[in-house]
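Computed over heavy atoms, backbone and side chain alike; hydrogens, waters and symmetry mates excluded. Only a predicted model underlies this, so the values are computations on that prediction, with no experimental measurement involved.
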Protein chains: 2
Amino acid sequence: MLMTLSEENYLKAIYNISTKTGEAVSTNLLAEAMETKASSATDMIKKLAEKDFVNYKKYQGVKLTKEGHLIAASIVRKHRLWEVFLVEKLNFSWDEVHEVAEQLEHIKSDKLIEELDALLDFPRVDPHGDPIPNKYGEIQAKKKVPLSSLKVGEKGVCVGVKSTAKEFLQYLDKIEISLGIELEIIEKEAFDGSVIVLYKDQQKNISAMAAANLYVRKT
Amino acid sequence: MLMTLSEENYLKAIYNISTKTGEAVSTNLLAEAMETKASSATDMIKKLAEKDFVNYKKYQGVKLTKEGHLIAASIVRKHRLWEVFLVEKLNFSWDEVHEVAEQLEHIKSDKLIEELDALLDFPRVDPHGDPIPNKYGEIQAKKKVPLSSLKVGEKGVCVGVKSTAKEFLQYLDKIEISLGIELEIIEKEAFDGSVIVLYKDQQKNISAMAAANLYVRKT
DNA sequence: AACTATTTTTAGATTTGTCTAAATTTTAAT
DNA sequence: ATTAAAATTTAGACAAATCTAAAAATAGTT
Ligand SMILES: [Mn+2]
Ligand SMILES: [Mn+2]
Ligand SMILES: [Mn+2]
Ligand SMILES: [Mn+2]
């Protein structure tokens with residue numbers, strides 16, 4: 001199926017939103033994600049519905065069809081594999097990869113993505129800890145909870161970030177937190193929700209907001 | 001400078017044509033290269049002239065300006081670096097790389113291309129023997145002549161191809177000719193211009209057409 | 001020099017994706 | 001059940017890149 005750049009981006013946006021909410025995606029949410037107007041989103045929704053990539057009933061939002069889901073997942077797969085490539089092979093840092101991956105995800109070549117996958121040794125997560133769909137659009141997401149949900153004394157391994165905002169990722173770099181490190185909750189401040197965590201033999205204070213955006217797997 | 005996909009492709013086509021001919025590029029040649037109509041080429045020429053990427057006088061064809069040349073060369077640079085990447089890192093053969101490189105050449109990221117260059121160890125030619133412009137748009141092309149220009153008894157190293165048609169490249173694969181091998185002219189057939197060459201301890205007959213499309217450096 | 005063939009440009013139409021403004025439907029609140 | 005607010009769709013316009021058909025300019029030939 002021939003897809004335009006715009007169609008691919010809309011499908012991916014629908015995929016990302018519905019993965020979070022689980023419900024039909026509203027026109028306004030979609031328009032916001034695409035940084036465009038609701039009327040433009042409606043136009044594109046009609047086109048995608050016409051091509052049977054989404055199910056659409058007026059005023060009721062859209063859901064991906066089987067085929068729409070597969071296409072969207074393949075774009076997300078490419079996006080995340082390219083992010084791994086940029087970090088692992090081209091010395092990008094995790095706050096630099098997204099914009100370039102936004103472009104690379106639209107390159108059309110099955111062989112390219114298969115070989116890239118092999119070159120990278122079949123990674124299962126991207127540099128932000130997000131799962132990489134396989135070629136059938138399936139993901140096996142590991143259980144992860146926000147650091148903020150841990151109680152005093154509990155430990156966890158850092159496995160992902162909720163926000164991928166540059167400032168947040170750079171902040172984590174600055175306080176030397178990266179995926180894979182182990183942390184222990186030493187103290188929680190009831191007043192502002194900040195936590196004191198122990199890692200790398202240091203104790204540091206982490207704001208409530210940062211703790212809510214850092215995913216860990218309990219250990 | 002923000003360039004559309006189409007503008008980039010036109011600039012590259014102008015670059016490729018004028019590199020061969022040395023003269024101003026005619027509307028018809030440009031349209032042919034872009035697989036479009038002359039009227040469309042005229043429209044785009046006007047836009048490129050407006051942006052000072054080409055010098056244009058009605059009915060006289062176009063020439064790249066300094067800036068136009070730099071942009072075009074940077075696209076060719078990206079195209080050829082990606083071709084090297086595909087062959088060296090992703091197991092593509094030299095007849096498979098072009099279509100994918102046509103897409104990859106439009107990815108915008110200075111860091112990406114610098115790092116790619118380094119990953120590939122700063123190659124100077126692409127898989128077809130074509131020179132890779134440096135970041136200032138300069139190339140140092142090595143002297144190369146068609147195999148057909150060699151006389152009986154002369155030797156040469158295979159350094160490039162004139163045609164990059166799939167069938168030709170696959171034919172070269174089949175007769176085990178690749179860049180870097182050394183050949184010697186054993187005999188030339190006056191009748192049809194074919195040549196008998198010695199390489200890899202074998203003698204093989206190569207048609208006039210193939211010999212005209214295979215570049216060698218005399219040794 | 002005049003005529004013809006070729007090349008190039010112009011004029012007007014089409015498609016894609018977007019926008020603004022207005023109309024419609026749904027939702028939430030009296 | 002009405003009414004007000006919010007969300008969504010429709011209508012009409014626009015810019016980018018293309019096309020066809022017609023007009024204009026150039027090049028080639030007698
Ligand atoms: Mn990303
Ligand atoms: Mn990511
Ligand atoms: Mn190529
Ligand atoms: Mn090439």
Side-chain angles (χ1 to χ4, degrees), chain A residues 1-15 17-18 20-64 68 71-72 75 102-103 105-106 108, chain B residues 1-14 17-18 20-21 23-64 68 71-72 75 102-103 105-106 108:
Chain A
M1 200 60 185
L2 42 341
M3 307 270 307
T4 69
L5 185 70
S6 202
E7 287 171 343
E8 290 193 346
N9 281 330
Y10 272 94
L11 271 192
K12 185 183 53 150
I14 295 169
Y15 175 95
I17 295 169
S18 58
K20 275 176 199 160
T21 68
E23 295 168 17
V25 175
S26 76
T27 302
N28 265 0
L29 268 182
L30 182 54
E32 187 191 20
M34 291 298 298
E35 297 181 80
T36 185
K37 298 301 159 71
S39 53
S40 304
T42 299
D43 286 344
M44 181 56 79
I45 284 170
K46 285 180 186 168
K47 198 184 311 179
L48 294 174
E50 184 59 39
K51 294 187 174 186
D52 282 319
F53 296 141
V54 296
N55 291 125
Y56 171 53
K57 264 177 293 187
K58 271 192 192 176
Y59 296 98
Q60 304 307 130
V62 286
K63 280 191 167 179
L64 292 173
I71 294 174
I75 297 165
E102 285 290 309
Q103 302 177 61
E105 72 191 4
H106 302 289
K108 271 124 191 127
Chain B
M1 201 58 186
L2 45 338
M3 306 270 307
T4 68
L5 185 70
S6 201
E7 287 172 342
E8 289 193 346
N9 281 330
Y10 271 94
L11 271 192
K12 185 182 56 150
I14 295 169
I17 296 170
S18 58
K20 275 176 195 157
T21 68
E23 295 168 16
V25 175
S26 76
T27 302
N28 264 0
L29 268 182
L30 182 54
E32 187 191 20
M34 291 298 297
E35 298 181 80
T36 185
K37 298 301 159 69
S39 54
S40 304
T42 299
D43 286 344
M44 182 56 80
I45 284 170
K46 284 180 185 167
K47 198 185 310 181
L48 295 174
E50 184 58 40
K51 293 187 174 185
D52 283 319
F53 296 141
V54 296
N55 291 123
Y56 171 52
K57 263 177 294 186
K58 270 190 192 176
Y59 296 98
Q60 303 308 129
V62 287
K63 282 191 165 179
L64 292 173
I71 293 173
I75 297 165
E102 284 290 308
Q103 302 177 60
E105 72 192 4
H106 301 288
K108 271 121 189 131

_Under 4.0 Å protein heavy-atom contacts per nucleotide of nucleotides 8-15 of chain C, with B for base, S for backbone only and - for none_ = BBB-----
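- Scanning for salt bridge (charged side-chain N to carboxylate O under 4.0 Å, His left out) contacts around Lys108(A) gives Glu8(A), with sequence neighbours left out.
- OP1 or OP2 of dC19(D) has at least one side-chain nitrogen or oxygen of Thr36(B) nearer than 4.0 Å.
- Residues Val62(A) and Leu48(A) have side chains not in contact (no heavy-atom distance under 4.5 Å, counting atoms from C-beta outward).
- OP1 and OP2 of dT16(C) both lie 4.0 Å or more from every side-chain N or O belonging to Tyr10(A).
- Across the protein-nucleic acid pair, Glu8(A) atom CD and dT16(C) atom C1' stand 15 Å apart, rounded to whole Å.
- For Glu32(A), there are no salt bridge (charged side-chain N to carboxylate O under 4.0 Å, His left out) partners at least two apart in sequence or on another chain.
- Put simply, Ser6(B) has a side-chain N or O that comes within less than 4.0 Å of OP1 or OP2 on dT18(D).
- Spacing between atom CD of Glu32(A) and atom P of dA6(D) amounts to 16 Å, rounded to whole angstrom units.
- In this structure, the side chain to side chain donor-acceptor pair (under 3.5 Å) partners of Lys51(B), at least two apart in sequence or on a different chain, are Glu7(B).
- Counting to the nearest Å, the P atom of dT9(D) and the CE atom of Met44(A) are 14 Å from each other.
- If you measure from atom NZ of Lys37(A) to atom P of dC14(D), you get 17 Å, rounded to the nearest angstrom.
- Residues forming a ring pair (Phe, Tyr, Trp, His ring centres under 6.0 Å) with Tyr56(B) (at least two apart in sequence, or on another chain): none.
- Take Lys58(B) and apply the side chain to side chain donor-acceptor pair (under 3.5 Å) test, not counting sequence neighbours, and it matches no residue.
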